[in-house]
Amino acid sequence: MSRLKYRYPPLGPVRPDPGHSFKESVMFIMPIISLRRLSCHFSLIVFLSVPAAASASASAKQDHRLIQDVALDFLRTQSAGLPGQVDITLGAIDARVNLPVCAALEPALPPGSRPWGNTTVIVRCSVPNTWTIYVRATVKVVADYVVSTRPLTQGHILAPADLTIRSGDLTQLPPGIVTDLNQATGRALTSSLPFGSPVRQDMLRAQAAVIQNQNVKLISSGPGFSVSGEGKALNNAAEGQLVQVRSASGSVISGIARAGAIVVISY
């Protein structure tokens with residue numbers, strides 16, 4: 001008896017059942033062959049889909065906008081305590097930079113840098129990939145600051161008429177700029193100051209409350225008593241600073257300088 005041949009391995013010799021026609025026997029076998037084909041195709045799809053998913057995960061790229069958002073939030077936090085209005089501008093990230101997607105972006109400042117002016121934010125990734133990118137930024141701090149209204153000489157005691165307020169970007173000025181008139185009024189200049197120059201903290205010193213060789217009033221106080229006397233200051237001292245005084249008896253004592261050439265000695 002002849003055998004039927006198929007594209008796939010035959011199931012075995014086809015022998016028509018005596019009770020059925022040859023056509024009915026063939027129709028009975030065809031569903032079995034179709035099921036085999038379906039099973040093979042399904043296995044192939046599952047086999048190919050696993051590496052495809054892994055490849056898609058590995059090829060995912062980090063969104064540059066997320067990197068910039070992290071850098072912006074970081075600079076906002078770092079500059080929150082600065083006076084005035086803070087304006088932050090981020091530099092663009094080169095579109096040719098392709099980084100693997102990151103699960104947690106970590107921003108930081110380079111050692112020794114400040115979160116204002118022309119600065120840089122380091123954004124690092126450690127999970128699931130390791131990479132580092134530098135985001136340039138410009139942080140402006142627009143606020144009021146104190147400037148001189150005329151040329152002033154060293155040792156000059158600053159009065160309200162000597163000073164005025166100007167507004168500008170503090171990041172473009174030297175550090176330690178005075179931003180409040182009350183911080184400078186009544187202080188002595190340690191150096192000359194040209195017209196319109198910003199006033200810095202390091203060029204101010206408190207006005208001397210006691211001057212060397214000046215006659216001072218000594219006030220000694222303690223629990224239940226207070227005694228006053230006279231003496232001569234042995235050094236200059238601003239209010240609140242320690243000063244040495246030679247008393248009328250010739251002994252040298254130390255006290256705290258107060259305005260009006262007064263030295264307070266506490267026991």
Would you please name every residue forming a side chain to side chain donor-acceptor pair (under 3.5 Å) with D180, sequence neighbours left out? none

Do side-chain atoms of S113 reach the backbone of P110 as a donor and acceptor pair under 3.5 angstrom? yes

Stepwise, does the side-chain contact (heavy atoms from CB on, under 4.5 Å) test hold for N213 with I211? CA-CA 6 Å; N213 294 324; I211 300 174; over 6 Å; no

Say you draw a straight line from CD of E230 to CZ of R246; how long is it, rounded to the nearest 0.5 Å? 16.0 Å

Sequence neighbours excluded, which residues qualify as side chain to side chain donor-acceptor pair (under 3.5 Å) partners of R150? D162

Hey, could you give me each pair passing disulfide bond (SG atoms under 2.5 Å apart) that has a residue in residues 133-174? Not counting sequence neighbours. none

If hydrophobic clusters are built by linking Ile, Leu, Val, Met, Phe, Trp and Tyr wherever their side-chain heavy atoms come under 4.5 Å apart, do I177 and L204 end up in the same one? no

Between L109 and P115, is there a side-chain heavy-atom distance shorter than 4.5 Å? yes

Please tell me whether L173 and V178 are part of a single hydrophobic cluster in this structure, the criterion being side-chain heavy atoms less than 4.5 Å apart. no

If you look at every heavy atom in L163 and A184, which pair is closest and at what distance? CD1-CB, 3.7 Å

Could you give the distance from CG (D63) to SG (C102), rounded to the nearest 0.5 Å? 12.5 Å

Salt bridge (Lys or Arg N to Asp or Glu O under 4.0 Å): which pairs involve residues 89-102, sequence neighbours left out? D94-R96

Extract all donor-acceptor atom pairs below 3.5 Å that involve side chains of residues 129-146 and protein atoms in other chains or at least two apart in sequence.
unit_1 : atom_1 : unit_2 : atom_2 : d
N129   : ND2    : V101   : O      : 3.3
W131   : NE1    : P100   : O      : 3.0
T138   : OG1    : N118   : OD1    : 3.2

Taking the side chain as C-beta and beyond, is there a heavy-atom pair between S221 and I265 under 4.5 Å? no

Is the backbone of V97 close enough, under 3.5 Å, to the side chain of H64 for a donor and an acceptor to pair up by distance? yes

Going by side-chain heavy atoms closer than 4.5 Å, which hydrophobic residues are tied to V264, directly or by a chain of links? I219, I262

Residues two or more places apart in sequence or in another chain: which of them pass side chain to side chain donor-acceptor pair (under 3.5 Å) with S247? S249, S251

CG of N98 to NZ of K61, rounded to nearest 0.5 Å, is 5.0 Å

Distance-only donor-acceptor hits, side chain of residues 66-81, under 3.5 Å, sequence neighbours excluded:
unit_1 : atom_1 : unit_2 : atom_2 : d
Q68    : NE2    : G91    : O      : 2.9
T77    : OG1    : D73    : O      : 3.0
S79    : OG     : L75    : O      : 2.7

Flag side-chain contact, heavy atom, 4.5 Å: I253 against Q244: no

What about L181 and L158, same hydrophobic cluster or not, with Ile/Leu/Val/Met/Phe/Trp/Tyr joined at side-chain heavy-atom distances under 4.5 Å? yes

Gap between atom CG of L99 and atom SG of C125 - 0.5 Å precision: 8.5 Å

Sorted by first residue and then second, give each side chain to side chain donor-acceptor pair (under 3.5 Å) pair with at least one member in residues 164-179; sequence neighbours left out. D169-T171

Would you list the atom pairs, donor with acceptor, under 3.5 Å between side chains in residues 194-201 and any protein atom, with sequence neighbours excluded?
unit_1 : atom_1 : unit_2 : atom_2 : d
S197   : OG     : P194   : O      : 3.2
R200   : NE     : D202   : OD1    : 3.0
R200   : NH2    : D202   : OD1    : 3.4
Q201   : NE2    : Q183   : OE1    : 3.4

By the rule that ILVMFWY residues connect when side-chain heavy atoms come within less than 4.5 angstrom, directly or transitively, which residues belong alongside L234? V252

Take L189 and Q154, measure what side-chain contact (heavy atoms from CB on, under 4.5 Å) needs, and give me the verdict at the end. CA-CA 5 Å; L189 287 174; Q154 180 180 359; 5.6 Å; no

Value for CD (E239) from CZ (R258), rounded to nearest 0.5 Å, stands at 6.0 Å

Nearest 0.5 Å, what's the CG-CD distance between N235 and Q214? 11.5 Å

Distance-minimising heavy-atom pair for A161 and T149: O-OG1, 2.8 Å

A257 versus A237, closest heavy-atom pair with distance: CB-CB, 3.9 Å

Considering only heavy atoms from C-beta outward, does the side chain of L242 approach that of I256 to under 4.5 Å? yes

Identify the heavy atoms of N236 and Q212 that sit nearest to each other, and give their distance. OD1-N, 2.6 Å

For I157, which fellow cluster members are found when Ile, Leu, Val, Met, Phe, Trp and Tyr are connected by side-chain heavy-atom distances below 4.5 angstrom, either directly or through intermediates? none

